[in-house]
Amino acid sequence: MNMPELPEVETVRRGLTRLVKDATIDHVEVRYPKMVTPDSDEFTAELIGRHIDAIDRRGKYLLFRFSGGVTMVSHLRMEGKYDVQPEGSPVTKHTHVIFHLTDDRELRYTDTRKFGRMQLVPTGEEDRLMPSLGKLGPEPTEDTLTLDYMVTIFGKSHKVVKPFLLDQTKIAGLGNIYVDEVLWLSKINPLTPADDLSREQLITLRKNIIEEIKMAIHGHGTTVHSFSTAFGEAGQFQNHLHVYGREGEPCERCGTIIEKIKVAQRGTHFCPKCQPLPAAAIEALGND
DNA sequence: ACCTATGTTGGATC
DNA sequence: AGATCCAACATAGG
């Protein structure tokens, strides 16, 4: 299972930097044209002979910086993956774009569900030409996600906190797994309206978001279900999921059975005892 | 075999 | 503007 939230995308970025930074594109093969913008003829023509200067990331987006002022914005969506193979090694039916490099290697994009997208834009124009990129909220780091900003945006919204945190224009990079995790860590019920959170709760939530993302990046974005197997693996730090995918299991803090509900069409895991709904929110629900 | 679930985003419809 | 639902697609599991 690949889980491309921010830490996973950052891990991909670092891997690609190590493997293909300073490589040069010989030619590009697009096997599933819907995946690329502009159309595949232009897309492939535009990339011939370009050098990969750098690979950047913003939120869950990868930005391939090519020579000559061209950037490829790539989003992995649910299941997109990059890998690098020797020229001509067998491809799977889910390999949709192949970047043939001049050094007899291939950078391949594979995506079972075909949700991923890649688009070429002039470097520096990506925020203007791609609104989803331009409107991204701050990165979840100590320096960029300030408490003042948290207090301001949460105070302005009645939206419940789970979809609020999934909104990339508020904070960039959080996905379904890490949102459930940080809400559990912060003892906040996923149905709590954003503007019901106290300053103290926002301080806790902010700290947990920043810490969780940092630790997940440090763990190479590897989120594993089993904590016991992760421990004892020599030299390997792996992340531990406290609630995601653990419905029916006892909460690690209090032993109460973890529940799974739907919130804004997304599977949502929480501990009903550690993460109680505030009385005000229960009343609001009762009025439906 | 049928129905539901799945990490994400963006568009349509109210 | 904001919420709500659904679409893109393939596969796994009950």
Side-chain angles (χ1 to χ4, degrees), chain A residues 1-13 31-37 57-63 73-82 91-97 109-119 126-127 129-137 140 153-183 190-195 212-213 216-217 219-225 239 241 243-248 258-269 281 284-285 287-288:
Chain A
M1 277 216 288
N2 190 36
M3 298 174 276
E5 301 188 26
L6 188 155
E8 290 72 27
V9 179
E10 175 61 17
T11 300
V12 171
R13 188 195 71 77
R31 303 159 64 105
Y32 182 67
K34 275 186 71 177
M35 195 143 273
V36 303
T37 306
R57 181 191 57 75
R58 179 79 172 92
K60 301 174 195 172
Y61 293 83
L62 289 166
L63 299 112
V73 180
S74 169
H75 198 297
L76 307 173
R77 294 285 186 103
M78 300 282 259
E79 302 191 9
K81 294 169 186 62
Y82 282 99
V91 296
T92 78
K93 63 174 172 175
H94 300 304
T95 299
H96 305 303
V97 184
Y109 180 76
T110 303
D111 188 341
T112 310
R113 290 172 75 181
K114 300 179 175 167
F115 285 177
R117 292 293 179 264
M118 42 191 83
Q119 177 167 353
E126 55 273 4
D127 282 1
L129 294 174
M130 302 184 66
S132 61
L133 199 53
K135 292 192 307 196
L136 284 177
I153 60 165
F154 279 75
K156 281 198 295 205
S157 175
H158 298 295
K159 203 196 284 195
V160 301
V161 68
K162 164 96 189 206
F164 187 86
L165 289 173
L166 288 172
D167 181 348
Q168 303 295 298
T169 70
K170 303 295 192 297
I171 300 170
L174 300 181
N176 205 37
I177 296 176
Y178 290 115
V179 167
D180 282 5
E181 292 298 307
V182 298
L183 289 175
L191 290 169
T192 314
D195 59 357
E212 180 74 4
I213 294 295
I217 290 173
H220 306 291
T222 315
T223 35
V224 292
H225 199 82
N239 250 358
L241 296 180
V243 278
Y244 187 87
R246 288 183 172 271
E247 63 270 25
I258 300 296
E259 290 184 12
K260 181 178 181 185
I261 59 173
K262 278 259 190 245
V263 179
Q265 282 88 245
R266 308 301 304 276
T268 299
H269 311 72
L285 288 175
N287 292 340
D288 273 358

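Proteins get letters first, then strands, A, B, ... in listed order; numbering begins at 1 in each. Basis for what follows: all heavy atoms, side chains included, without hydrogens, waters or symmetry-related copies. From a predicted model like this one, the values you see are computed outputs, not experimental measurements.
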- Query: Looking for any heavy atom pair under 4.0 Å, which part of the strands does A:G267 touch: base, sugar-phosphate only, or nothing?
  - Reply: sugar-phosphate
- Message: Would the distance check show the side chain of A:E126 and the main-chain N or O of A:L133 forming a donor-acceptor pair, the cut-off being under 3.5 Å?
- Response: no
- Message: Classify A:Y32 by what it touches in the nucleic acid, base, sugar-phosphate, or nothing, heavy-atom distance under 4.0 Å.
- Response: sugar-phosphate
- Item | Short side-chain N/O contact from A:K114 to OP1 or OP2 of C:dA10, under 4.0 Å | yes
- Message: Please compare A:L133 and A:H269 by the position of their nearest nucleotide in DNA chain B and report the one closer to 5'.
- Response: A:H269
- Query: Looking at the rings of A:Y109 and A:H96, which for Trp means the six-membered one, are their centres under 6.0 Å apart?
  - Reply: no
- Query: Between B:dT4 and C:dC6, how far is it from one P atom to the other, in whole Å?
  - Reply: 12 Å
- Message: OP1 or OP2 of C:dT11 versus the side-chain N and O atoms of A:K93: is any pair under 4.0 Å?
- Response: yes
- Query: Which sits closer to the 5' end of DNA chain C, A:K34 or A:H158, going by the nucleotide each is nearest to?
  - Reply: A:H158
- Query: Phosphate oxygens OP1/OP2 of C:dC9: is one of them under 4.0 Å from a side-chain N or O of A:R77?
  - Reply: no
- Query: Which part of the nucleic acid, if any, lies within contact of A:Q168, taking any heavy atom under 4.0 Å across all strands shown: a base, the sugar-phosphate backbone alone, or nothing?
  - Reply: sugar-phosphate
- Task: Using a cut-off of strictly less than 4.0 Å, decide whether A:S157 has a side-chain nitrogen or oxygen near OP1 or OP2 of C:dG2.
- Result: no
- Is any side-chain N or O of A:Y244 closer than 4.0 Å to OP1 or OP2 of B:dG7? yes
- Message: Tell me the closest heavy-atom pair linking A:V263 and A:P163, and the distance in Å.
- Response: CG1-CD, 3.9 Å
- Query: Between A:H269 (side chain) and A:G245 (backbone), is there a donor-acceptor pair under 3.5 Å?
  - Reply: yes
- Item | Distance test, side-chain N/O of A:K262 to OP1/OP2 of B:dT4, below 4.0 Å | no
- Message: I need the full list of salt bridge (Lys or Arg N to Asp or Glu O under 4.0 Å) pairs touching residues 167-177 of chain A, with sequence neighbours left out, sorted by first then second residue.
- Response: A:K159-A:D167, A:D167-A:K170
- Item | Backbone of A:L174 reached by a side-chain donor or acceptor of A:Q168 within 3.5 Å | yes
- Item | Atom-pair distance (CD on A:E247; P on B:dT6), nearest Å | 9 Å
- OP1 or OP2 of B:dT8 under 4.0 Å from side-chain N/O of A:H75: no
- Would you tell me if any nitrogen or oxygen in the side chain of A:R117 comes within less than 4.0 Å of OP1 or OP2 on B:dG10? no
- Message: Within the structure provided, determine whether A:D180 and A:T268 are in side-chain contact (heavy-atom separation under 4.5 Å).
- Response: yes
- Base, sugar-phosphate, or nothing: which does A:K156 touch, judged by heavy atoms less than 4.0 Å apart? nothing
- Task: Compare side-chain N and O positions of A:K159 against OP1 and OP2 of C:dT4 and report whether any pair is under 4.0 Å apart.
- Result: no
- Query: Dot-bracket for DNA chain B: what is it, with Watson-Crick or G-U pairs under 3.5 Å, [ ] where a pair crosses earlier ones, and | for a pair to another strand?
  - Reply: .|||||.|||||||
